[in-house]
Amino acid sequence: MENNEQIFIMNHPLIQHKLSFLRDKNTGTKEFRELVSEIATLMCYEATRDLPLMDVQTETPMCTATTKVIAGRKLAFVPILRAGLGMVDGMLQLVPSAKVGHIGLYRDHDTLQPVEYYNKLPSDIEERDVIVLDPMLATGGSAMDAITIVKRSRPRSIKFLCIIAAPEGLKALSEAHPDVHIYCAAVDEKLNEHGYILPGLGDAGDRIFGTM
Ligand SMILES: O=P(O)(O)OC[C@H]1O[C@H](OP(=O)(O)OP(=O)(O)O)[C@H](O)[C@@H]1O
Ligand SMILES: O=c1cc[nH]c(=O)[nH]1
Ligand SMILES: [Mg+2]
């Protein structure tokens, strides 16, 4: 799978290096959590590359200079519970003023269909650019539903940021929401018969929260 106008694969060496440790079955909960957060920070750096800038006048100790600041665009991060929560702190490292909404979804084990159990978004979301967060894009059902829910509140724009994507999920999500830019660190081989990504990293929520 190649980068195109909608899908951005972040193959930065630091991200790829950390991803190897994330995949390792011997990586424990504490380290796994730290790695998810660090990868989120690196991905946030890339995913905010298109934020518009504006000129301001700044007094340096030497003279007045024309410098740049972000042009008043406000961000909101929306993790899909639970696993998306693991990415929030890493994102806030770079954008501490962002608001955070939450969408609770779990995948039914038998049908693989997402089931909604929580939804709280910032009240001023109409003024914000939203980045929906989830480490895993498998069938794409959870991301598609979460984005549909966010769209009802009419944010300025929506991006989706995941760490590992399956080709099946990327296809489904990009077709369902062609206006949403998708960022991921890896596109894996396929899904297994239980909807888990191969080679993947197992169940991201369980590994972040130590519930396996
Ligand atoms: O693309 P999909 O096929 O929908 O699968 C991906 C979803 O599955 C995982 O969540 P899970 O249902 O395990 O919930 P959890 O985060 O609470 O563990 C993952 O964090 C995604 O939200
Ligand atoms: O491989 C997968 C698929 C869905 N959810 C996960 O946490 N891992
Ligand atoms: Mg899970």
Side-chain angles (χ1 to χ4, degrees), residues 1 6-7 9 18-29 31-37 39-40 43-44 77-91 100-121 130-151 158-178 180-212:
M1 180 86 54
Q6 191 186 2
I7 299 170
I9 302 160
K18 289 176 191 296
L19 184 52
S20 283
F21 291 98
L22 201 62
R23 291 185 189 276
D24 189 333
K25 67 178 183 185
N26 295 313
T27 297
T29 301
E31 198 189 344
F32 190 91
R33 218 180 265 148
E34 288 167 357
L35 286 163
V36 169
S37 189
I39 291 171
M43 294 187 80
C44 181
F77 302 141
V78 178
I80 302 176
L81 308 183
R82 288 176 303 167
L85 283 177
M87 301 173 76
V88 174
D89 283 354
M91 301 288 293
V100 181
H102 296 86
I103 293 179
L105 294 176
Y106 71 86
R107 230 171 43 150
D108 181 274
H109 274 283
D110 298 320
T111 65
L112 298 185
Q113 291 306 304
V115 181
E116 183 181 346
Y117 61 89
Y118 189 73
N119 174 353
K120 181 80 180 169
L121 298 173
V130 169
I131 305 183
V132 176
L133 307 170
D134 194 325
M136 308 302 275
L137 179 69
T139 65
S142 304
M144 286 192 283
D145 274 18
I147 290 167
T148 300
I149 293 166
V150 172
K151 276 186 176 174
I158 304 178
K159 292 175 178 172
F160 179 74
L161 209 156
C162 63
I163 297 179
I164 298 181
E168 296 90 330
L170 267 185
K171 183 171 186 298
L173 178 59
S174 58
E175 287 175 4
H177 294 290
V180 172
H181 285 179
I182 305 167
Y183 297 83
C184 59
V187 182
D188 276 10
E189 215 177 302
K190 59 178 182 179
L191 298 175
N192 73 7
E193 63 277 22
H194 304 294
Y196 276 84
I197 300 174
L198 296 178
L201 49 70
D203 189 302
D206 282 345
R207 294 196 65 186
I208 291 169
F209 295 106
T211 48
M212 50 285 193

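One-based numbering, in listed order, for ligands and for the atoms of each. For the numbers below, each heavy atom of this structure counts, side chains included, while hydrogens, waters and symmetry mates do not.
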Arg82 to Tyr118, cation-pi by 6.0 Å centre distance and 45° axis angle: no
Gly195 near ligand 1 by a heavy-atom separation under 4.0 Å: no
Any side-chain heavy-atom pair of Lys159 and Val130 under 4.5 Å: no
Atoms of ligand 1 close to Ala138 [distance to a heavy atom under 4.0 angstrom, numbered from 1]: 1 (O), 2 (P), 3 (O), 5 (O)
Heavy-atom gap Arg107 to ligand 2 smaller than 4.0 Å: yes
CA sep, side-chain torsions, deciding dist, call: Asp89, Arg33, salt bridge (charged side-chain N to carboxylate O under 4.0 Å, His left out): CA-CA 10 Å; Asp89 283 354; Arg33 218 180 265 148; over 6 Å; no
Within-cutoff protein neighbour (heavy atom, under 4.0 Å) for atom 6 (C) of ligand 1: yes
For atom 2 (C) of ligand 2, the protein heavy atom that lies nearest, with its residue and separation: Tyr196 CD2, 3.4 Å
Ala138: numbered ligand 2 atoms lying under 4.0 Å from its heavy atoms: 3 (C), 4 (C)
Min side-chain heavy-atom separation Arg23-Pro199 under 4.5 Å: yes
4.0 Å heavy-atom contact, Pro135 with ligand 2: no
Atoms in ligand 1 with a heavy atom of Asp203 nearer than 4.0 Å: 13 (O), 18 (O)
Proximal atoms of ligand 2 relative to Gly195 (non-hydrogen, under 4.0 Å): 3 (C)
For Tyr106, the ligand 1 atoms whose distance to one of its heavy atoms is below 4.0 Å: 12 (O)
Top protein contact for atom 5 (N) of ligand 2, by heavy-atom distance: Met136 CB, 4.0 Å
Whether over 12 other heavy atoms sit under 6.0 Å from Lys120 NZ: no
Numbering as shown, the atoms of ligand 2 that approach Ala204 to under 4.0 Å (heavy-atom distance): 6 (C), 7 (O)
Side chains of Asp24 and Thr27, donor plus acceptor under 3.5 Å: no
Shortest reach to atom 18 (O) of ligand 1 by a heavy atom, considering only Gln113, Met136, Arg82: Arg82
Residues Asp203 and Arg107 bridged, charged N to O under 4.0 Å: no
Gap separating the CG atom of Leu121 from the CD1 atom of Ile103, nearest 0.5 angstrom: 5.0 Å
Leu170 and Leu137, any side-chain heavy atoms less than 4.5 Å apart: yes
Ligand 1 contact on Asp134 by region, counting heavy-atom pairs under 4.0 Å: side chain
The Mg ion (ligand 3) - closest N/O/S atom in Asp203: OD1
side-chain contact (heavy atoms from CB on, under 4.5 Å) between Tyr183 and Ile9, worked out: CA-CA 6 Å; Tyr183 297 83; Ile9 302 160; over 6 Å; no
N or O contact, Arg107 vs ligand 1, cut-off under 3.5 Å: yes
Nearest protein heavy atom with distance in Å, relative to atom 8 (N) of ligand 2: Gly202 O, 2.8 Å
Closest to atom 1 (O) of ligand 1 (judged by heavy-atom distance), picking from Ser142, Pro79, Gly140, Gly205: Gly140
Non-hydrogen side-chain atoms of Leu112 and His194 separated by less than 4.5 Å: no
Straight-line distance of Asn192 CG to Leu198 CG, nearest 0.5 Å: 5.0 Å
Ligand 2 N/O within reach of Ile197 N/O, cut-off under 3.5 Å: yes
